[in-house]
Amino acid sequence: MPERIYDHKEIELKWHDRWKNDATLYKAEVNSTRPKYYVLEMLPYPSGSLHIGHIRNYAIGDALARYKWMQGFNVLHPMGWDAFGLPAENAAIQRGRHPHEWTLSNIEEMKRQHRRMGFSYDWDLEVTTCEPEYYRWNQWFFLKMLERGLAYRKKALVNWCPECGTVLANEQVIDGCCWRHEATPVVQRALEQWFWKITAYADELLKDITEKLEGHWPDRVLSMQRNWIGRSEGSEIDFTLEGTGEKIRVFTTRVDTIYGATCVILAPEHPVAQKLLDEAGKARAKQMIDARAQKGPGDLEKDGHFTGGYAINPYSGERLPVWIGNFVLMDYGTGAIMAVPAHDERDFEFCTTYGIPIRAVIRPVDGALDEHPKAAFGDYGIVEKSGEYSGLPSADARTKMNQRAEREGFGKAAITFRIKDWGISRQRYWGTPIPVVHCPKCGVVPVPEKDLPVVLPTDVKLTGKGRSPLLDVESFMNVKCPVCGEDARRESDTMDTFVDSSWYFYRYCDAHNSSAPFDSAKIAYWFPIDQYIGGVEHAILHLIYSRFFTKVMRDLGLIQNSEPAARLFTQGMVIKDGAKMSKNKGNVVSAEDMIDRFGADTGRLFELFAAPPEKDMDWTDSGAEGAYRFLSRIFRFVTRTADRAVFGNDAEADRRALRKLHQMIKRITEDFDQRWHFNTSIAGLMELVNVLYIEEEKLSRAALEQILPALVLMLEPFAPYTAEEMWETLGRAAPVFRQPWPKFDPELAKEDSAEVVLQVNGKVRGRILVSFGTPKDELERAALTDPSTQSFLAGKQVVKVVVVPDKLVNIVVK
RNA sequence: GCCCGGGUGGCGAAAUCGGCAGACGCAAGGGACUUAAAAUCCCUUAUCCGGCAACGGGUGUGUGGGUUCAAGUCCCACCCCGGGCACCA
């Protein structure tokens with residue numbers, strides 16, 4: 001009989017073709033009696049090609065999905081496609097194609113690649129977020145937000161490139177200049193923008209990190225989110241402007257230092273500053289604002305300008321000069337601070353630059369008041385030189401001062417967040433149109449629900465320059481006002497595509513619903529996502545926005561869960577030649593190439609084997625070849641054993657092989673259930689195959705009949721095509737992942753005897769084989785009389801003997 | 001500066017609860033098979049010292065201390081690498 005060889009191409013294409021049109025293969029049922037498991041990898045960008053960096057994400061999710069199927073779960077593993085905003089639009093323009101057509105053709109190509117990889121998706125639940133039906137529900141959510149006061153419009157500063165005459169996203173600003181015009185500094189421009197009130201949920205977003213996500217999401221992601229939300233407790237205090245009596249409200253976390261304040265500093269764009277400043281001063285303020293846009297904040301020198309005004313400290317009655325300063329941010333706190341140069345490093349720097357006095361008011365608990373307390377900026381202590389508060393510890397002074405502010409109406413204890421409302425307006429073509437109409441008579445009017453979706457026009461000229469291209473499409477822009485019926489103009493802004501990705505996983509559960517974004521009953525069954533898997537680069541934006549969206553949907557009564565994902569897993573990057581894989585560096589290995597050279601199974605297997613999934617992994621071709629060799633090795637063993645007629649009959653060999661088998665079932669099951677260290681799972685399969693090669697001739701038919709199917713079943717999550725082919729070789733039918741996961745027998749997994757290490761003073765001197773459960777005193781006796789320890793015991797006194805049953809004996813001598 | 005990770009052979013890594021450091025793979029070297037090569041199969045491979053050898057002994061998980069019969073693992077201090085945040089008042 002000719003020896004069958006492992007031909008990955010033949011095998012993978014065979015099964016790929018067999019399953020290509022079977023939509024029911026991985027179908028999950030809503031309200032199944034089996035326990036549910038919703039596993040989801042983060043969205044792919046429809047760039048048209050997958051590379052092996054992407055594959056890792058799916059390989060992890062797919063292994064898990066297949067394992068859960070085999071464990072008897074009702075697994076939802078859907079697949080969909082994000083519209084992916086700016087880069088998609090820009091790339092389409094560069095290629096002279098319409099973004100919609102371009103994106104859809106990319107999606108088709110990526111879908112083909114995903115299928116070719118053999119991933120176990122529920123293809124029926126495919127969602128494409130750039131389709132009108134998805135726009136409809138984005139717009140529906142927008143209207144709901146508007147009704148609830150969670151959507152609003154205000155003038156806000158945006159990055160503006162004077163050369164292109166266009167708005168730039170933050171990521172398009174490189175070193176303060178436009179990404180296309182490296183010599184053109186970006187300026188700040190005020191535009192009317194739509195916002196969603198994520199700040200209304202800041203407290204809950206923060207609280208649930210601790211209450212719901214801690215321990216289930218990676219610490220690193222949670223700490224980034226905490227940082228981003230940035231809650232700080234302090235006080236808001238009004239300083240009264242001399243002359244006009246106008247109030248300047250400042251925010252401070254250190255109201256206890258207020259007697260040390262020597263000036264008030266406003267953000268350059270602060271309205272009070274704009275009133276106080278003369279023409280020259282206004283020009284200086286503008287300079288500061290632009291400079292801030294162009295440089296990273298860290299590189300900016302302190303810059304300030306005296307406004308000419310004075311304000312009164314409400315506690316001391318002291319008259320303080322009012323300045324503007326480039327380091328004071330309009331969108332944090334109140335846009336105004338009191339400067340306490342003695343106890344704040346930034347204030348110190350500012351005040352020394354401009355010769356503003358410095359006055360210390362905090363002394364260490366066990367020390368004296370230092371007039372120049374430079375070394376102890378920010379320290380708490382005892383308040384001095386502070387009127388009635390002198391002598392109080394910082395914390396007490398704070399409480400008392402807050403109480404007085406509240407009582408006398410010039411301030412209060414306050415909490416400030418760093419997180420800002422989510423600006424969803426984009427002056428771009430590509431994105432969901434914001435469903436409102438601007439009527440000269442009625443103002444801003446929402447588009448009635450029955451008129452949704454507002455669809456993007458297709459006859460649009462895309463240049464990537466100037467204002468939104470939608471403004472030039474008269475058929476789109478000109479509408480009748482839904483209220484008065486008069487001529488009106490459509491809103492030309494489109495939504496940030498992060499809106500799409502904020503709730504796509506809900507739509508996955510009910511992808512074809514045309515009367516609602518989804519059926520709430522289906523969500524109640526599937527949610528929360530049991531396991532969400534993706535790159536850490538989404539730690540802030542996507543993962544905060546989708547948490548926010550979930551809470552809003554809950555408050556709209558659409559869903560019951562408060563968090564989208566019960567567990568989050570962030571996988572490491574794929575590194576090649578010492579660098580992250582990227583087109584710029586030219587070190588990309590495309591999925592296509594990988595499948596061609598090694599096969600889909602080999603690629604997946606190697607990616608899971610090379611490192612634990614949360615760590616970065618190095619892709620090396622030789623490493624992939626090793627994975628290929630292993631698949632060949634296991635395949636050869638299974639196929640030639642299936643052809644075998646004569647078997648050995650060595651009970652000892654059977655026992656050794658079965659022991660290894662059951663030990664490995666145990667290890668791999670635990671790896672899946674607890675740690676996802678698939679590298680050790682695969683190493684376990686390799687160990688098992690190594691033992692099988694050694695014992696091959698001696699094994700009985702009965703032992704092989706137990707070992708082979710279990711081996712194939714355990715390979716399935718990592719290399720499904722190969723597993724499927726071997727399963728057929730073994731004369732079995734139906735997809736492998738529908739088979740039950742093998743169970744291990746603890747009795748068979750047990751070693752016959754324990755090897756006990758003998759140590760003298762902690763150093764290994766010998767080892768003895770004993771039967772399991774040998775009592776302590778017997779082990780001690782054996783250790784003390786074993787030849788290996790004798791030379792180290794001679795002439796010494798035994799002080800102590802530590803015995804760990806079945807493991808070691810340590811003899812302590814003097 | 002602050003907040004997270006991490007540091008183990010030539011390389012990727014393993015050691016899950018404080019109990020044999022280096023499983024498994026890559027690379028390298030040797031052997032078998034072959035006219036030959038590829039493929040395959042088997043063996044060796046942390047390091048130093050002694051020995052022809054089987055073997056024996058020492059050292060070894062970023063550095064320095066500590067706890068313990070026993071530390072890659074726990075505690076303290078420090079060094080280095082990676083990531084995130086950063087005039088946030």
Side-chain angles (χ1 to χ4, degrees), chain A residues 3 5 218-228 230-232 234-235 250-255 257 265 267 292 296-302 325-329 331-340 343-347 349-350 378 416-419 536-537 539-540 572-573 575 606 609-612 614-627 629-630 632-633 636 667 670-671 674-675 677 679-690 693-694 755-764 766-767 791 799-804 806-813:
Chain A
E3 198 192 350
I5 52 157
D219 288 343
R220 143 171 91 140
V221 171
L222 298 182
S223 96
M224 280 161 81
Q225 292 210 355
R226 281 198 183 98
N227 218 323
W228 185 262
R231 180 182 198 272
S232 56
S235 321
V250 307
F251 176 74
T252 176
T253 53
R254 291 298 305 274
V255 71
T257 65
I265 310 175
R292 190 153 61 198
D299 312 329
L300 276 185
E301 299 269 307
K302 292 270 177 307
N326 63 341
F327 68 102
V328 181
L329 307 174
D331 48 17
Y332 182 77
T334 58
I337 65 162
M338 61 176 198
V340 184
H343 303 294
D344 183 282
E345 193 171 353
R346 293 153 308 174
D347 296 348
E349 207 187 310
F350 187 88
T416 289
F417 291 93
R418 198 186 83 99
I419 193 171
V536 72
E537 66 272 18
I540 298 297
M573 292 183 304
I575 305 286
F606 176 60
F609 174 65
E614 72 275 11
K615 276 186 73 167
D616 289 351
M617 69 152 295
D618 280 301
W619 175 274
T620 59
D621 287 356
S622 58
E625 278 160 25
R629 266 199 292 276
F630 170 67
S632 309
R633 203 168 142 84
R636 255 194 317 275
R667 186 203 285 185
E670 285 170 359
D671 279 344
Q674 294 162 25
R675 340 183 278 167
H677 279 201
N679 53 333
T680 58
S681 307
I682 294 165
L685 289 176
M686 288 170 169
E687 279 181 52
L688 175 56
V689 169
N690 288 348
Y693 265 70
I694 291 166
E755 193 187 47
V756 170
V757 172
L758 307 181
Q759 296 180 332
V760 178
N761 282 349
K763 291 207 160 118
V764 180
R767 39 201 81 196
S791 64
V799 180
K800 188 178 182 182
V801 181
V802 181
V803 182
V804 183
D806 299 335
K807 286 228 167 116
L808 66 77
V809 181
N810 188 11
I811 305 165
V812 187
V813 297

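In what follows, every heavy atom counts, from backbone to side chain, and hydrogens, waters and symmetry copies are set aside.
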Using the [atom1] atom as the reference point in each nucleotide, state the distance between [N] and [M] in Å, no decimals.
N: B/rG25; M: B/rU35; atom1: P; result: 30 Å
N: B/rC20; M: B/rA71; atom1: P; result: 11 Å
N: B/rC26; M: B/rA86; atom1: C1'; result: 42 Å
N: B/rC2; M: B/rA70; atom1: P; result: 36 Å
N: B/rC49; M: B/rC74; atom1: P; result: 34 Å
N: B/rG64; M: B/rG9; atom1: P; result: 15 Å
N: B/rA54; M: B/rU47; atom1: P; result: 16 Å
N: B/rA27; M: B/rG10; atom1: C1'; result: 8 Å

Nearest-Å distance for atom pair [atom1]/[atom2], residues [X] and [N]:
X: A/E537; N: B/rC4; atom1: CD; atom2: P; answer: 22 Å
X: A/L222; N: B/rC4; atom1: CG; atom2: P; answer: 12 Å
X: A/D671; N: B/rC24; atom1: CG; atom2: C1'; answer: 12 Å
X: A/F609; N: B/rC26; atom1: CZ; atom2: P; answer: 8 Å
X: A/M224; N: B/rG83; atom1: CE; atom2: C1'; answer: 8 Å
X: A/R633; N: B/rA39; atom1: CZ; atom2: P; answer: 15 Å
X: A/D219; N: B/rG6; atom1: CG; atom2: C1'; answer: 14 Å
X: A/K763; N: B/rU59; atom1: NZ; atom2: P; answer: 4 Å

Pairing partner of [N] (Watson-Crick or G-U wobble, both distances under 3.5 Å):
N: B/rU59; result: B/rA46
N: B/rU67; result: none
N: B/rA38; result: none
N: B/rC11; result: B/rG25
N: B/rC52; result: none
N: B/rG82; result: B/rC4

Closest non-hydrogen atom pair, [X] against [Y]:
X: A/L329; Y: A/A267; value: C-CB, 4.0 Å
X: A/A683; Y: A/R667; value: C-NH1, 4.2 Å
X: A/M224; Y: A/I540; value: O-CD1, 3.3 Å
X: A/T252; Y: A/M338; value: OG1-CE, 3.7 Å
X: A/S232; Y: A/Y332; value: OG-OH, 2.9 Å
X: A/A339; Y: A/D347; value: CA-OD2, 3.4 Å

So, is [X] close to the [N] phosphate, meaning a side-chain N or O under 4.0 Å from OP1 or OP2?
X: A/R629; N: B/rC24; result: no
X: A/R418; N: B/rC85; result: no
X: A/K800; N: B/rC69; result: yes
X: A/K615; N: B/rA13; result: yes
X: A/N679; N: B/rC24; result: no
X: A/S232; N: B/rA89; result: yes
X: A/Y693; N: B/rC41; result: yes

Considering every strand and a 4.0 Å limit on heavy-atom distances, what is the contact class for [X]: base, sugar-phosphate, or nothing?
X: A/R767; value: base
X: A/N761; value: nothing
X: A/P218; value: nothing
X: A/E755; value: base
X: A/V804; value: base
X: A/G230; value: nothing
X: A/Q674; value: base
X: A/V328; value: base

Between A/N690 and A/R633, do the side chains contain a donor N or O and an acceptor N or O under 3.5 Å apart?
yes
From the candidates B/rA14, B/rA27, B/rC20, the one with an atom nearest any side-chain atom of A/T680 is B/rA14
Is it the case that more than 12 heavy atoms not belonging to A/E345 sit under 6.0 Å from its CD atom? no
Discussion item. Salt bridge check, A/E614 against A/R220: does any charged N sit closer than 4.0 Å to a carboxylate O?
Written reply: no
| message | Is it the case that the base of B/rC87 and the side chain of A/K302 share a donor-acceptor contact (distance under 3.5 Å, atom types as modelled)? | response | yes
So does A/N810 reach the base of B/rC69 with its side chain, donor to acceptor, closer than 3.5 Å? yes
Per nearest nucleotide of RNA chain B, the residue lying toward the 5' end, A/A611 or A/R254, is A/A611
Between A/G762 and A/D331, whichever has its closest RNA chain B nucleotide further toward 5' is A/G762
